[in-house]
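Presented below is the structure to which this report refers.
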Amino acid sequence: MDQSPTVWRDAQPLVDSATPMIDPFGRAVTYLRVSVTDRCDFRCTYCMSENMTFLPKKDLLTLEELDRLCSAFIAKGVRKLRLTGGEPLVRKNIMHLVRGLSRHIGSGLDELTLTTNGSQLARHAQELADCGVRRINVSIDTLDPDKFKAITRWGELDKVMEGVRAAQAAGIHVKLNAVALKEFNEHEIPELMRFAHGEGMDLTLIETMPMGETGEDRTDQYLPLSLVRQRLEEQFTLDDIPYRTGGPARYVEVRETGGRLGFITPLTHNFCESCNRVRLTCTGTLYMCLGQDDAADLRTALRASDDDAYLSAAIDEAISRKPKGHDFIIDRNHRKPAVARHMSVTGG
Ligand code: SAM
Ligand code: SF4
């Protein structure tokens, strides 16, 4: 059962921070993404099948355990922490975790943020802002309510828009994420961009990644962002800019709108060289690379001892196995996902 944490540890680093996490390729790990649940109230066609089997609730780390793990990473040099999922805001009592983690902001942690589908954002926006969340990502692939329903299977665009407005009203900077999908939204991208920029939001486009069975054919959905960019350049002037948010997106500034547009291109451009992140699942499994199956079981280390030195050693061992890069390829013959787990397990 999901438990609310009752005892939070104080803000002091739990583990000796004298050993920052440096992987075998010299990359410092400073960014932790945490999938707090594999469940979701949407079933986006590129992400999940309609009849997903989710983890039994008893397999999930409690919120207190998640806090302890995140705090151990912060003590070891993580400066940016993103809660994701599944849908992070459907995890019961998630705001207890957010409030608890917010104690690290300014004492180790530079940024606490989340990626959400926005369905539950309206009711949580003010509390998120009160907890020091300054920026969030909201996923919107289309501005057409019928198409939105079709791509998410279960989502309501109105509710998401209400969430976006509530977040903005609470002073949170919203960035929109859109997965670029062949024939679905490829001709709507200029409109999506004008809308985002008109509302003071950045827009980031994501290429579909071949993760998990979805009941859809990935090769039918895949739209290379190089083509999207080429088409946008027929209408807009895109200036490359060095702006970074600690993630893999490469940004341009669009002269006509004055806004920023990001491109995340795992398949057409290798973003591994500067990878600074690892991903934790809601069961305490640490994936050192989004595009590889190798993982470390931190739940066992967490539960084996109250001594955080034990956990710290398990984290160090995992980081020593961080691979150089991913192996995503679209398999045109077998049409199988390159990575068997769904994006909702590791949170993107
Ligand atoms: N539920 C939240 C949301 O949708 O924003 C957070 C989790 S979701 C897995 C994180 C991001 O991954 C979303 O922007 C989503 O569009 C993207 N995503 C999901 N499956 C993907 C896939 N197969 N390829 C590329 N992006 C994907
Ligand atoms: Fe849910 Fe996000 Fe996956 Fe859509 S992309 S099904 S909202 S986890």
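Just follow the structure's listing: the first ligand is 1, and inside any ligand the first atom is 1. All values below were derived from every heavy atom in this structure, side-chain atoms included, with hydrogens, water molecules and symmetry-related copies excluded.
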Please say whether Met209 places an N or O atom under 3.5 Å from an N or O atom belonging to ligand 1.
yes

If I take atom CZ from residue Arg250 and atom OH from residue Tyr243, how far apart are they, to the nearest 0.5 angstrom?
13.0 Å

Note the single closest protein heavy atom to atom 3 (Fe) of ligand 2, along with its residue, its atom name and the distance in Å.
Cys47 SG, 2.4 Å

Mark up the atoms of ligand 1 that fall under 4.0 Å of a heavy atom belonging to Val179, in ascending order.
16 (O), 26 (N)

Ring pair (Phe, Tyr, Trp, His ring centres under 6.0 Å) contacts in which one or both residues fall within residues 156-214, not counting sequence neighbours:
none

Per-atom contacts of ligand 2 with Cys44, taking only distances under 4.0 Å to non-hydrogen atoms
4 (Fe), 5 (S), 6 (S), 7 (S)

For Thr84, counting its heavy atoms only, list the atoms of ligand 1 lying under 4.0 Å from any of them.
6 (C), 7 (C)

Report, in ascending order of atom number, the atoms of ligand 1 lying under 4.0 Å from any heavy atom of Asn177.
14 (O)

List ligand 2 atoms under 4.0 Å from Phe42, heavy atoms only on the residue side.
6 (S), 7 (S)

Side chains of Tyr46 and Asp141: is there a donor and an acceptor less than 3.5 Å apart?
yes

Please say whether more than 12 non-hydrogen atoms of neighbouring residues, nucleotides or ligands are located less than 6.0 Å from CG in Asp307.
yes

Nearest non-hydrogen contact to atom 6 (C) of ligand 1 from the set Gly155, Ser139, Gly86 belongs to Gly86

Could you list which atoms of ligand 1 come closer than 4.0 Å to a heavy atom of Cys47?
19 (C), 20 (N)

I need the atoms of ligand 1 closer than 4.0 Å to a non-hydrogen atom of Gly85, numbered in the order shown.
7 (C), 9 (C)

Per-atom filter on ligand 1: closer than 4.0 angstrom to a heavy atom of Thr116 are 2 (C), 3 (C), 5 (O)

Flag the pair Glu65 and Arg303 as a salt bridge only when some basic side-chain nitrogen lies within less than 4.0 angstrom of an acidic carboxylate oxygen.
yes

Return a yes/no value for Thr115: is any of its N or O atoms, backbone included, closer than 3.5 angstrom to an N or O of ligand 1?
no

Just to be sure I read this right, does ligand 1 sit under 4.0 Å from the backbone of Asn137, its side chain, both, or neither, counting only heavy atoms?
neither

Hey, does Ser139 sit under 4.0 Å from ligand 2 if you only count heavy atoms?
no

State plainly whether the residues Arg321 and Glu317 are in salt-bridge range, i.e. N to O under 4.0 Å.
yes

What residue among Thr37, Thr116, Thr115 forms side-chain hydrogen bond (donor to acceptor under 3.5 Å, both in side chains) with Glu87?
Thr116

Under 3.5 Å, N or O to N or O, is Asp141 touching ligand 1 that way?
no

Co-membership, hydrophobic cluster, residues Leu223 and Leu143, 4.5 Å side-chain
yes

Determine, for Arg229 against Asp240, whether the closest basic-nitrogen to carboxylate-oxygen distance falls under 4.0 angstrom.
yes

Out of Glu207, Arg82, Glu87, Gln221, whose heavy atom sits nearest atom 2 (C) of ligand 1?
Glu87

Going by distance alone, is a donor N or O of one side chain under 3.5 Å from an acceptor N or O of the other, for Thr84 and Arg279?
no

Please tell me whether Asn117 and Ser119 have a donor and an acceptor in their side chains that are separated by less than 3.5 angstrom.
yes

Within 2.8 Å of atom 3 (Fe) of ligand 2, is there any N, O or S atom belonging to Cys40?
no

